[in-house]
Amino acid sequence: MRANSMVAMILAGGRGTRLFELTKKVAKPAVHFGGKYRIIDFPLSNCANSGISTVGVLTQYESILLNSYVAKDHNWGLDTNDGGVFVLTPRERDQQNFQVYLGTADAITQNIDFLDSVDPEYILILSGDHIYKMNYDKMLAYHKERKADATIAVLEVPLKEASRFGIMNCDENDTIVEFEEKPKEPKSNLASMGIYIFTYKTLRKYLMADLKKENSDHDFGKDIIPAYLNDKRTLVAWRFKGYWKDVGTIDSLWEANMDLLNADSELDLGDQTWKIYTEDVNALPQYIGADAHVENSYVTQGSVILGEVKNSVLGTNCTIEERAKVIDSVIMPGAKIGEGAKVTRCIVADDVVVAPGAVLGDAESEHIELIAKNME
């Protein structure tokens, strides 16, 4: 940690209810993506590539798998002498009262003792469920250059979609003058990415003051940022140029996987200059049969393809039986598509078996179908 003045805190405790069965027993950040990765790999890899050696991962719901996964800090090269990945769960407020994190700010407040022990100059707040690549060191340099109390990463979105986001209204110097949470009539298209850098000593004072407010939501967007603005603190927007997606729904998770198949996509998992690290799964090489056909697809190790795969992403140890067709779909690790089955515009969950001859999904459907249970 002494080699880097900034510590990262990844908020990874959301329920992810809009992903339905995918998050019934697994935390959203642990959901598979891109064949062999998990969503949490992206912020963790960004930290490693940005030179951040101390990372706290704040977990909560259905966290058993996620806790054990992120504890393997060597996966991301974060098992250093002066840092590492620290799993941080909700704390007992007193001997009789155990509670979940009440809000994003409360999650950080409950871990003040951890932060004090690390004693960072700056703190980076991240979400554990977004797909993107970002050099946080560049954002920190901007924070220092602007002598800011807080820097918020923003993404320009179409104005017609701005009402879905927290919107930062700025002056000509990108100093934030107003924050609006999902405004009906947005004044700007600068959407908050939920990525913040705070000067720690200042933030600590605001967190402790917010803790005492009974009517507070203990949330960065609803409470901490407005408090900074009310006190005329220096808040600046850092404009991010690149790929970013909140994979909070089945459709958006499918879209992000499909983006991998676009030759012009900014989400290049083969980029050797900014690797996305993950767990090294011990699997056999992929096998593609003599009569199989594979077109424009990601196929991960251990997969056996005897049928047809087109415009799709296949996870580790998948099986596509003879005469089966997988089109415009995401097949998660361990899933099996039976002989003669046809799967179109679907996400097939981990280890699910699709029955021989089944026809799932619709090429003309507006939404993606989730197949989360075995079909006999």
Side-chain angles (χ1 to χ4, degrees), residues 14-26 28 31-39 129-131 157-158 160-161 163-165 243-267 269 292-300 303 305-316 318-376:
R15 287 186 181 275
T17 53
R18 292 180 298 166
L19 291 179
F20 304 104
E21 296 291 325
L22 292 181
T23 53
K24 189 173 182 180
K25 294 296 181 182
V26 176
K28 180 181 173 184
V31 169
H32 279 106
F33 173 82
K36 71 180 217 176
Y37 303 93
R38 295 184 188 271
I39 296 171
D129 51 14
H130 297 156
I131 302 294
V157 299
K160 63 181 181 180
E161 298 179 13
S163 59
R164 296 171 41 218
F165 299 90
Y243 185 94
W244 178 88
K245 187 177 283 288
D246 180 353
V247 287
T249 65
I250 294 299
D251 285 357
S252 63
L253 179 61
W254 176 87
E255 289 168 3
N257 275 277
M258 292 299 105
D259 287 341
L260 296 172
L261 306 177
N262 183 349
D264 297 325
S265 174
E266 295 177 283
L267 185 62
L269 298 185
H293 177 76
V294 180
E295 180 180 339
N296 191 40
S297 296
Y298 256 81
V299 181
T300 313
S303 291
I305 303 175
L306 304 176
E308 178 181 341
V309 177
K310 182 177 180 181
N311 297 327
S312 296
V313 175
L314 268 60
T316 309
C318 288
T319 301
I320 313 300
E321 294 282 14
E322 293 180 354
R323 297 186 295 106
K325 292 185 178 182
V326 175
I327 302 170
D328 300 330
S329 294
V330 177
I331 312 300
M332 292 197 167
K336 179 179 179 180
I337 312 301
E339 183 177 353
K342 184 175 182 181
V343 177
T344 307
R345 285 176 62 83
C346 291
I347 292 180
V348 179
D350 300 59
D351 301 316
V352 165
V353 177
V354 172
V359 178
L360 303 174
D362 183 350
E364 304 300 323
S365 175
E366 181 180 352
H367 296 291
I368 302 305
E369 185 172 348
L370 171 64
I371 311 301
K373 295 181 180 180
N374 289 346
M375 301 181 61
E376 301 299 334

Between Val26 and Val31 the two heavy atoms that sit nearest each other are CG1-N, 4.4 Å
Check your understanding: Heavy atoms, side chains only, cut-off 4.5 Å: are Ile250 and Leu19 in contact?
Key -> yes
Separation between NZ (Lys310) and CG (Asp328), nearest 0.5 Å, reads 7.5 Å
Of Ile337, Val326, Val294, the one forming a side-chain contact (heavy atoms from CB on, under 4.5 Å) with Ile305 is Val294
In short, Thr316 meets Ser303 closest at the heavy-atom pair C-OG, 4.4 Å
In this structure, CD1 of Ile327 is separated from OG1 of Thr344 (nearest 0.5 Å) by 4.5 Å
For Cys318 and Pro333 the tightest heavy-atom approach is SG-CA, 4.2 Å
Closest heavy-atom pair, Ala349 versus Ala372, reported as atoms and distance to 0.1 Å, is CB-CA, 3.9 Å
Identify whether the distance between the nearest side-chain nitrogen and carboxylate oxygen of Asp246 and Lys28 falls below 4.0 Å.
yes
Heavy-atom closest pair (Gly361 atom, Glu369 atom, distance to 0.1 Å) is N-OE1, 3.2 Å
side-chain contact (heavy atoms from CB on, under 4.5 Å) test vs Trp254 passes for just one of Val330, Asp259, Val313, namely Val330
Greater than 12 external heavy atoms within 6.0 Å of Glu322's CD: no
Donor-acceptor pair, distance only, cut-off 3.5 Å: does the side chain of Thr319 make one with the backbone of Lys336? no
Between Ile368 and the options Glu255, Arg345, Met258, the side-chain contact (heavy atoms from CB on, under 4.5 Å) test singles out Arg345
Does Ile371 reach the side chain of Val343, with side-chain heavy atoms less than 4.5 Å apart?
no
*asked:* Looking at Lys245, I want to see if its NZ is surrounded by more than 12 non-hydrogen atoms of other residues, nucleotides or ligands under 6.0 Å.
replied: yes
The reported gap from CD1 in Ile39 to NE2 in His130 (rounded to nearest 0.5 angstrom) is 9.5 Å
So CG of Asn257 and NE2 of His32: to nearest 0.5 Å the spacing works out to 11.5 Å
Minimal heavy-atom distance between Leu261 and Asn296, with the atoms involved, is O-OD1, 3.4 Å
Across all chains, not counting sequence neighbours, the side-chain contact (heavy atoms from CB on, under 4.5 Å) partners of Thr249 are Arg18, Asp251, Ser252
The reported gap from CG in Leu267 to CZ in Phe33 (rounded to nearest 0.5 angstrom) is 5.5 Å
For Met332 and Leu22, what are the C-alpha separation, side-chain angles and deciding distance, and is it a side chain to side chain contact (heavy atoms under 4.5 Å, CB included)? CA-CA 10 Å; Met332 292 197 167; Leu22 292 181; 4.1 Å; yes
So CG of Asn374 and CG of Asp351: to nearest 0.5 Å the spacing works out to 8.5 Å
**Item:** Any donor-acceptor pair under 3.5 Å from Ser297 side chain to Glu295 backbone
**Value:** yes
In terms of relative ring orientation, are Trp244 and Phe165 parallel, tilted or perpendicular, with 30° and 60° separating the classes? tilted
